Structures are given as structure tokens and as C-alpha cells.
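A quick note: this is a predicted structure, and the numbers were derived from the prediction, not measured. Just so it is clear: chains get the letters A, B, ... in the order the sequence lines come, proteins before strands, and each one is counted from 1. Note that these values count all heavy atoms, side chains included, but never hydrogens, waters or copies made by symmetry.
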Amino acid sequence: MDNKDMYREHIIDSYKHPHNFGNLPHPTHACREFNPFCGDDITMQLVVKEGIIEKVTFNGKGCALSVAAASMLTDKIKGMNVEDIKKMSKEDILELLKIPIGPVRLKCALLSLETLHKALER
Amino acid sequence: MNKADFPILQHVVYLDNAATTQKPKKVIDAIAHFYETSNANAHRGVYQLSMKASQLYDDARKTVADFIHADADEIIFTRNATESINLVAAAVFPLLKGKEIVLTVMEHHSNLIPWQQFAKKNGFTLQFIQMKPDFTLDYQDAEKKINDKTALVAFCQVSNALGTINDAEKIIALAKKHHALTLIDAAQSAPHMIVDVKKLDCDFLAFSGHKMLGPMGIGVLYGKKELLEKMQPYQFGGDMIKSVSLEHAEWNDLPMKFEAGTVNVADAVGLAEAIKYLEHIGMDVIEKKEKELLQYALQELKKIKTLKIYHAEKSSGIISFTMEKVHPHDIASLLDDERICIRAGHHCAMPLMHILGVPATARISFYIYNTREDVDMLVKALLHVEAMFHG
């Protein structure tokens, strides 16, 4: 696999102009997670009302894959049911990103989902 | 020396030599030759094959000793520099006066974590010599941190993350003034410059074979004989004993006292072959050639405006950098497409990354086989990455 496949235009665009990037003033759920291998650092903040995601933001530092994944994931989950989000897995992220990812960089792509799951457990 | 001596370099531009180096055919052949012609357990059999293996192992030790100007019984073979430092941390306690261990903020985790554990176990405090904004050690701070409370000063001669060459003589002189012991992490210096333990007058020195053309799995600890003699073994078993009853054992002489179990003859032979290869070129020549390549690389990299370079003036062949708005891992992944191998990450120096204020850097590190063409290919590929993210 060529790494260039990971860096298609939609990924670079999402990285340069991420959606839902920033902070929420009064989150009901939040979690900060690190990927020690990369030094990625992502915080997810959520407002959950009656089991539905009303608002979501993320912030932090990460590589193109982790930021693009967080941007697309936060877009996707707005208005979703918490129970359905808890069922989301690796495959859902790969479907969002639409690129092939090798085992080393998979951690980057999955960091935001992991952070989201941890935030919702709290 | 010629790139053709290194089979793997026909396929890649390899710029991650601070992590590990490639092996010349001669080293690979020496290891295979040992297994094909001389393999037996060293120091065991009275048959010729075992004696041959023992002789090769002892010869390898002599080659390593000569390389750093030590005596053969001051050389202990370990798995790597990490294990060498762990050995000292496990066995040095009875020799220490004082309650503080002084390190620097630029240590590799291998020269940090063993001392963190040592301090916790023995009730010691860690002190850290700080770094100045020019990426050199703050020697005024060193004068404060090294004092009469200091038991041991352990520091890297060359920073693996930045390439900074630290002034070992100066630090050792400070330590001696306060009767503290010294340990040099020479993992990034022994492969690249002349390291003379007699001249340095350090108490301990550690390095790895695989970072100097040798195989993985063999490392070296140098220790002054009078200190090693006073230290207790840290692993126990065969080969490290002189006589054993059911209740008691008497330790073997140096250096066997610290080499429990079957020793790694093949990789010791490989390391000796690597040292011969380096000495054939000359460590002074290697140092000079790397310096020239480093200057060329700095000059070329400075042309890329989005790069920030973390680099001290007096430096070994290592350059750490970041590119504005691009994560180091993205740089390394994209360079990989051009078959250029560089490191991206925290370089096992997380506290240093914190001081630099970055989660990670990209790092290139040279060795004897790297050329200006390698640098040109790197620069071209970096410009491509820049265009992708900044275009």
C-alpha cells in the first residue's frame, strides 16, 4: 500500500479545515486522550440531552489522520443516539475516512472514537 | 566504504541511524560464519569447537576494549545500552555516597527510567541539568545541581533527539570535585566519534552494538575495574560463578561475574567485525565526514521556510525538525513513499519534547554511508509534503 492513498484530498482538506473544532462552554461529557506513539492529544466535549448528542466539539493536536477522523466523526454523531454511538467500531471510522490505513496508523484514525467512547462512559 | 557494502541500502534512503544502523555484508557474513564453523557454548567444553567459540568471544571483548581504550576485563557484554545502564542502577548502590542522582533533561528514557526506579527504591532524589534555548546544556545549572549531595551523575554524551554534543569533560570534572560517580550514555557518541574512557576518566560508559553497524542484541558496559570488583552481580546462574555448593556460591572474576548464562558469542563476533570496519575507515574520518554532511543538510533544510529546526551549534549528525501545520508522522509517512526512512515521534525523550513544546518532531540521523544525494532526495520530498499541506 502506498501512503499517498492515505493523504487524499478530502483527508488533507478535513485536516486543514476541521469541522467542530473548538470548545464547548458547558459540556455534559468530556474526555482527553493521548496516543503516546504519535504524541497526538485529543479532547472531546459533548452536550448530551435525553440520550441524544446535541452538541460536540474536539480540540488538540494530531496528525492529518487523527484530525480528519475526529472532524468526520463529530459531524456524523450530531443528533445520534448515545447507545448507537457506543456500538460504533473501527469499520465505521474506515467507512467515514474512505482510505486504506496500515496497522501502524490505525491508532491515529481510531483515537477520536476511543476518546468519544470514554467520554460517554463518564 | 561504499554503499554497495550494505545490501539493504540498495532499496532505501536510510536516515534513521540514531534508532539503528544498517549492517555491512562483512558483519552479516561474520555472524553466519560463526554459526557455520565455530558454534558451541563458550567457556564450557574442553573440545576444540567450544574453545574456538571461547577464543572468538574473548577476542571480540578485546576488540571492544581497544576501541574505547579500556582493559578487556572492564568490558561487560549486555544486550544493549539500556541493559548496561540497568546493570549499573541495580548494582551501584553500595558504592554511592550522597543521596542525589543528577541527570540532564535531554536523556533518552533508557537513562531516565532506571534512575527513577532506583530513586524510588533507595530513597534518592533526582536532579536535572536544564537546557538553554540554544539546545545546549546549561553548565551554570550543572554547577548548582552537582554538589556534595550528588552520588552519581549520569548523562548522554550526545542527545539522541537533538544531536547536541554535551561537554563530557566538564561534567565529569564537576562530578569529581564532589566525589560523585559518573556514567556516560554513549549510545549516540561511540558510533560517531573517538571515545576514550581513559581520557574521559568516567566511571561507567554504556553503548549498543546495533547503532554502530553491529547486530541487535549485543551491548557494552564499561566500568572501572576497582568499581566493578566491589559491585555485586545483578543476575545469577551459570558462567558467573567460580564454585557452587547447595547453599553457597562464589562469584567468578571480572567480567564473567556480570555475564550470567550462555553468552551471545555470535553477536559479539558481529560487533567486533563492525568495529574493525569502522576502524578501517577511521573514527576521525567518520566524524569529519558526518560533520560535512550535517552542514550541507542544515544549509539545504534551511531553504524550506516552513521548517523549524531544533539544533545546537555543536552537534552530531542528527537533525530534529517540525514543519508548520504538519504532524511529524504525516511527514514520515509521505517520505516513506519515496523510500526515505526518517523517524517521527518523541524519540524516547518525552520530557524533552515537553520542554520543546511539541508533541513530536521529525528526525533525520546520518551514518557513514549517507551522501549528499540522500539529503537532496530528502529535501525534494519535504518540498513535496510542504506543497501538499501548504499549497
Worksheet item: Among B:Leu334, B:Val358, B:Asp336, who wins on heavy-atom pairs under 4.5 Å with chain A?
Response: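 Sorted descending by pairs with chain A, the first entry is B:Leu334.
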Worksheet item: Which members of residues 103-114 of chain A, sorted by number, sit under 4.5 angstrom from chain B on a heavy-atom basis?
Response: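 Within residues 103-114 of chain A, the residues that come under 4.5 Å of chain B (heavy atoms only) are A:Arg105.
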Atom [atom1] of residue position [X] - does it have more than 12 heavy atoms of other residues, nucleotides or ligands inside 6.0 Å?
X	atom1	value
B:Gln10	CD	yes
B:Ile8	CD1	no
A:Lys55	NZ	no
A:His10	NE2	yes
A:Lys78	NZ	yes

Worksheet entry | Under 3.5 Å side-chain donor-acceptor pair for B:His327 and A:Asp40 |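 Yes - a donor-acceptor pair under 3.5 Å links their side chains.
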Worksheet item: Can you name the nearest heavy-atom pair linking B:Ser333 to A:Met6, along with the distance?
Response: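 Of all heavy-atom pairs spanning B:Ser333 and A:Met6, the closest is OG-CE, 4.0 Å.
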Practice prompt. Write down the atom of A:Leu65, the atom of B:Asp330, and the distance for their closest heavy-atom approach.
Written response: N-OD1, 4.4 Å
Fill in: B:Asp138: side chain to side chain donor-acceptor pair (under 3.5 Å) partners, not counting sequence neighbours
none
Worksheet item: Among pairs that include at least one residue of residues 45-100 of chain A, which meet ring-ring contact (aromatic ring centres under 6.0 Å, His included), considering only residues two or more places apart or in two chains?
Response: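 Of all non-adjacent pairs touching residues 45-100 of chain A, those that pass ring-ring contact (aromatic ring centres under 6.0 Å, His included) are A:Phe21-A:Phe58.
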Item to complete: Please state whether the side chain, the backbone, both or neither of A:Phe34 comes within less than 4.5 Å of a heavy atom of chain B.
Response: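 Neither; nothing under 4.5 Å.
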Discussion item. My understanding is that only residues two or more places apart in sequence, or in another chain, count here; which of them pass salt bridge (charged side-chain N to carboxylate O under 4.0 Å, His left out) with B:Arg339?
Written reply: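 For B:Arg339 there are no salt bridge (charged side-chain N to carboxylate O under 4.0 Å, His left out) partners, ignoring immediate neighbours.
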Worksheet item: Between B:His347 and chain A, which part of the residue has a heavy atom less than 4.5 Å away: side chain, backbone, both or neither?
Response: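 It is neither, since no heavy atom gets under 4.5 Å.
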Item to complete: Go through the atoms of B:Met388 and report whether side chain, backbone, both or neither lie under 4.5 Å from a heavy atom of chain A.
Response: both
Worksheet entry | Gap separating the CD1 atom of A:Ile12 from the NE2 atom of B:His390, nearest 0.5 angstrom | 10.5 Å
Discussion item. I'd like to know if the side chain of A:Tyr15 reaches the main chain of B:Lys325, judged simply by a donor and an acceptor atom lying under 3.5 Å from each other, with no hydrogens or angles considered.
Written reply: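 Looks like yes, one N/O pair under 3.5 Å.
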